[in-house]
Amino acid sequence: RAVSVKNIGVEVLDSPPENLLEGAFGQVKDQLQGIWARGIPPDATPVAVLATAATLGSVVSPIVGGRAIAELVLPFVTGSIGLLTVWQERVGKVAVAESKRQSARIVVLQAKAESLLGRGMMAYAALPTDFA
């Protein structure tokens, strides 16, 4: 009697196809080339290095260290990435607040200049216009 296991209508393979790893690494390679072509801003280089190391560590840990190491490393990496995300959001909010502050300062300066111009026009209006 022969039994074939089906998963959503697709036959389950006993071993992964040979080109599976090539396809996965090809996608990663394409993404890395795209990032490299766009470039990394100089001030973001340390964060990019840490993010890359964390990502590679979390991907490789089950293979290199086994399940026990993966169970130790993956929560640490996930938590670290969460903290970095919170930090990045805070930095972004600070940048937005600073730009709003600068914009408000410019609007105040413009209002003061218009006020002074208006006062000057009112003072000039009191003077006689015909010197005959």
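Small disclaimer: the values here were computed from a predicted structure and weren't measured.
Within the 3.5 Å criterion, the main-chain N or O of S99 finds a donor-acceptor partner in the side chain of S103.
Test Q110, R105, K112 against V108 for side chain to side chain contact (heavy atoms under 4.5 Å, CB included) and you get one pass: K112.
Taking 4.5 Å as the limit, every side-chain heavy atom of E114 sits out of range of all side-chain heavy atoms of L117.
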